[in-house]
Amino acid sequence: MKILHLDSNHSMIKKSLSALGLKNDIDLTSNKVEIGNIIGAYHGLVLRSRIKIDKDLIDKAVNLKFVARVGSGTENIDCEYLVKKNIELITSGEGNSNAVGEHTLGLLLDLSKKITKSHIEIQSNLRKREENRGFEIEGKTIGIIGYGKAGKSFARKLLGFNCNVIFNDLKKDLEDEYAKSVTISELKEKSDIISIHTDLNKLSHHLINKKFISDCKKPFYLLNTSRGECVNTKDLIFALKDGKVSGAGLDVLENETKSFFSFNDDDSFEEIKKFENVILTPHTAGWSYESKIKLAEITVDKIKKFLGRKN
């Protein structure tokens, strides 16, 4: 069985699959057309987000048995078509959910205590105590959109802050001791802080837009550690200027390239990075030393289980 690796991942994945007797080829540079010319020879793909696995590419993968996404986001994969072709989709989002939860909490604490702003000012010998008076999380209502692995991880970490945690998710019966399930209307009505943890799909694309923000009953802080395209950046900038959004902690941005390692040219990026009440990080929420190992271990384990079922 031949496996094609399309992105750089922990070397453990290749070593472990080789130990199972699988032949592993690594291609980190070929484009989609070039991959289409060779994909028919492979039985498995291991990837992140560099290449779009669409119907055209899947049709050329005549021997493909599984696609393993190292991580959770599958917006670059035609999941429905994989099902039709009886190709297994393997994801490992539980591997970095703890890292995402911690990072989201870090963004919230930074915003609430104005840590980065104060640090930058002190580097310029400015000690603005009153201007940097923060707020406490205790007693606030935090609304989570998307209550999967990462959303639940964030909620679990809020347990000791004595705040009210609510969530909205398309799936039913997800409520637990960490958060209460509510309608999206109730989330908009009650939230002081809104954190996005949904996958990127047709429903979540530009979910946070001018109308969503207008529907919220009070100014709120926005956190996004999911996908940049869940937020309409221009509408967010307008709301930041208007005061309807009090601040934002963004690990992801709408103008990221598909590989997440750079940005496309965009005037909105140049504008949003000037706000003192906006914290930006470079898509590193799930990018911890520990998560890199956990993602690899979970991916290999799930591939092993899949091969075991097929045999």
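Along the sequence shown, residues are numbered consecutively beginning with 1. Please read all numbers here as calculations on a predicted model, not as lab measurements.
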**Request:** Tell me yes or no: between the side chains of S72 and T91, is some donor less than 3.5 Å from an acceptor?
**Result:** no

**Heavy-atom neighbours of Q123 CD exceed 12 at 6.0 Å** = yes

**Request:** Please say whether more than 12 non-hydrogen atoms of neighbouring residues, nucleotides or ligands are located less than 6.0 Å from CG in D173.
**Result:** no

**Request:** Check whether more than 12 heavy atoms from other residues, nucleotides or ligands sit under 6.0 Å from atom CZ of F238, and answer yes or no.
**Result:** no

**Item:** Expected output: side-chain H43 to main-chain K2 donor-acceptor under 3.5 Å
**Value:** yes

**Message:** Looking at K234, I want to see if its NZ is surrounded by more than 12 non-hydrogen atoms of other residues, nucleotides or ligands under 6.0 Å.
**Reply:** no

**Message:** Quick one: does any side-chain atom of S112 pair with a main-chain N or O of L109 as donor and acceptor, under 3.5 Å?
**Reply:** yes

**Donor-acceptor pair, side chain of S30 and main chain of D27, under 3.5 angstrom** = no

**Prompt:** Is any NZ, NE, NH1 or NH2 atom of the basic residue among D176 and R156 found under 4.0 Å from an Asp or Glu carboxylate oxygen of the other?
**Reply:** no

**Message:** Quick check on the hydrophobic clustering: are I51 and F66 connected, directly or via other members, by side-chain heavy-atom contacts under 4.5 Å?
**Reply:** no

**Prompt:** Looking only at heavy atoms, which two atoms of V67 and L64 are closest? And how far apart?
**Reply:** CG2-CD2, 3.7 Å

**Asked** Backbone N or O of K210 within a donor-acceptor pair of the D235 side chain at under 3.5 Å?
**Response** yes

**Asked** What distance separates I194 CD1 from L223 CG, expressed to the nearest 0.5 Å?
**Response** 9.5 Å

**Item:** Interatomic spacing from NZ in K304 to CD1 in I90 - rounded to 0.5 Å
**Value:** 12.5 Å

**Request:** Please lay out, stage by stage, how N277 and Y221 fare under the test side chain to side chain contact (heavy atoms under 4.5 Å, CB included).
**Result:** CA-CA 10 Å; N277 56 341; Y221 286 83; 5.8 Å; no

**Message:** On a heavy-atom basis, which atom in F220 and which in S191 lie closest, and how many Å separate them?
**Reply:** CB-O, 3.9 Å

**Message:** Is there a path of hydrophobic side-chain contacts, each under 4.5 Å between heavy atoms, that joins L111 and I144?
**Reply:** yes

**Cationic N near anionic O, under 4.0 Å, E130 to R133** = yes

**Asked** Quick one: OG1 on T116 to CD1 on I279, what's the gap to the nearest 0.5 Å?
**Response** 4.0 Å

**Asked** Cation-pi between K180 and F167: NZ/CZ under 6.0 Å from ring centre and within 45° of the ring axis?
**Response** no

**Prompt:** Within a radius of less than 6.0 Å around CD1 of I184, do more than 12 heavy atoms belonging to other residues, nucleotides or ligands occur?
**Reply:** yes

**Request:** Look only at the side chain of K244 and the backbone of C216, and say whether a donor-acceptor pair between them is shorter than 3.5 Å.
**Result:** yes

**Message:** For E136, is the CD atom crowded, meaning more than 12 foreign heavy atoms sit under 6.0 Å from it?
**Reply:** no

**Between N96 and K292, a side-chain donor and acceptor under 3.5 Å** = no

**Backbone N/O of T233 and side chain of E254: donor-acceptor pair under 3.5 Å** = yes

**Request:** May I ask you to decide whether D110 forms a salt bridge with K117, counting only side-chain N to carboxylate O separations under 4.0 Å?
**Result:** no

**Message:** I'd like to know if V278 and V231 are part of one continuous hydrophobic network [Ile/Leu/Val/Met/Phe/Trp/Tyr, side-chain heavy atoms within less than 4.5 Å].
**Reply:** yes

**Prompt:** Hey, are E186 and K190 close enough for a salt bridge, meaning a charged N less than 4.0 Å from a carboxylate O?
**Reply:** yes

**Prompt:** Is it true that the side chains of T104 and T225 contain a donor and an acceptor less than 3.5 Å apart?
**Reply:** yes

**Asked** Which is it for K55 and I58 under the side chain to side chain contact (heavy atoms under 4.5 Å, CB included) test, yes or no, and what are the steps along the way?
**Response** CA-CA 5 Å; K55 182 179 183 295; I58 294 169; 5.7 Å; no

**Prompt:** Under 3.5 Å, side chain of N63 to main-chain N/O of K65, donor-acceptor pair present?
**Reply:** no

**Request:** Would you please say whether a donor-acceptor pair under 3.5 Å links the side chains of H5 and D25?
**Result:** no

**Prompt:** Same hydrophobic cluster for F306 and I3, using side-chain heavy-atom links shorter than 4.5 Å among ILVMFWY?
**Reply:** yes

**Prompt:** Under 3.5 Å, is there a donor-acceptor pair between the S226 and N224 side chains?
**Reply:** yes

**Request:** Answer yes when R227 and E75 have at least one side-chain N-carboxylate O distance shorter than 4.0 Å, and no when they do not.
**Result:** yes

**Asked** Quick one: does D251's side chain have a donor or acceptor within less than 3.5 Å of a partner on H283's backbone?
**Response** yes

**Request:** Run the salt-bridge test on K188 and D215 with the 4.0 Å N-O cut-off and return the result as yes or no.
**Result:** yes

**Request:** Please determine if K85 and D59 form a salt bridge, counting it only when a charged side-chain N lies under 4.0 Å from a carboxylate O.
**Result:** yes

**Message:** Let's go through K241 and F275 carefully: what are the C-alpha distance in whole Å and the side-chain angles of both, what is the deciding distance for side chain to side chain contact (heavy atoms under 4.5 Å, CB included) to 0.1 Å, and is it a yes or a no?
**Reply:** CA-CA 9 Å; K241 291 178 178 178; F275 284 88; 3.9 Å; yes

**Request:** State, to 0.1 Å, how close C163 and I137 come at their nearest heavy-atom pair, and which atoms those are.
**Result:** CB-O, 3.5 Å

**Asked** About how many Å separate CG of L253 and CD1 of I272, when rounded to the nearest 0.5 Å?
**Response** 6.5 Å

**Request:** Without swapping roles, check the side chain of S291 against the backbone of S288 for a donor-acceptor pair under 3.5 Å.
**Result:** yes

**Asked** What heavy-atom pair brings I303 and V46 nearest, and what distance separates the two atoms?
**Response** CD1-CG2, 4.3 Å

**Prompt:** Are L295 and N9 close enough, and set up right, to give a side chain to side chain contact (heavy atoms under 4.5 Å, CB included), and what steps lead you there?
**Reply:** CA-CA 9 Å; L295 286 168; N9 286 298; over 6 Å; no

**Prompt:** Should the ring pair H197 and F154 be called parallel, tilted or perpendicular, given that the plane angle runs from 0 to 90° and is split at 30 and 60?
**Reply:** tilted

**Request:** Report the distance from atom CD1 of I213 to atom CG of L236, rounding to the nearest 0.5 Å.
**Result:** 6.0 Å

**Request:** Give a yes or no on whether L17 and V70 share a hydrophobic cluster (residues Ile, Leu, Val, Met, Phe, Trp, Tyr; joining criterion: side-chain heavy atoms under 4.5 Å apart).
**Result:** yes

**Message:** Could you check whether N132 and E121, counting side-chain N and O atoms only, form a donor-acceptor pair closer than 3.5 Å?
**Reply:** yes

**Fill in**
Between the OH atom in Y81 and the CG atom in D54, the distance rounded to the nearest 0.5 Å is 10.0 Å

**Message:** Quick test of your reading of the model: are K273 and E270 salt-bridged, counting only N-O distances below 4.0 Å?
**Reply:** yes

**Asked** How close do M12 and A296 get, heavy atom to heavy atom, and via which atoms?
**Response** SD-CB, 4.0 Å

**Asked** K294 and N98: which non-hydrogen atoms are nearest, and at how many Å?
**Response** NZ-CB, 4.2 Å

**Prompt:** Any chance CG of N37 has more than 12 other-residue heavy atoms, nucleotides or ligands included, within less than 6.0 Å?
**Reply:** yes

**Asked** Donor-acceptor pair, K52 side chain versus I77 backbone, under 3.5 Å?
**Response** no

**Message:** For a quick check under 3.5 Å, do S153 and K149 share a side-chain donor-acceptor pair by atom type?
**Reply:** no

**Request:** Count the heavy atoms of every other residue, nucleotide or ligand shown that sit under 6.0 Å from NZ of K218, and state whether that count exceeds 12.
**Result:** yes

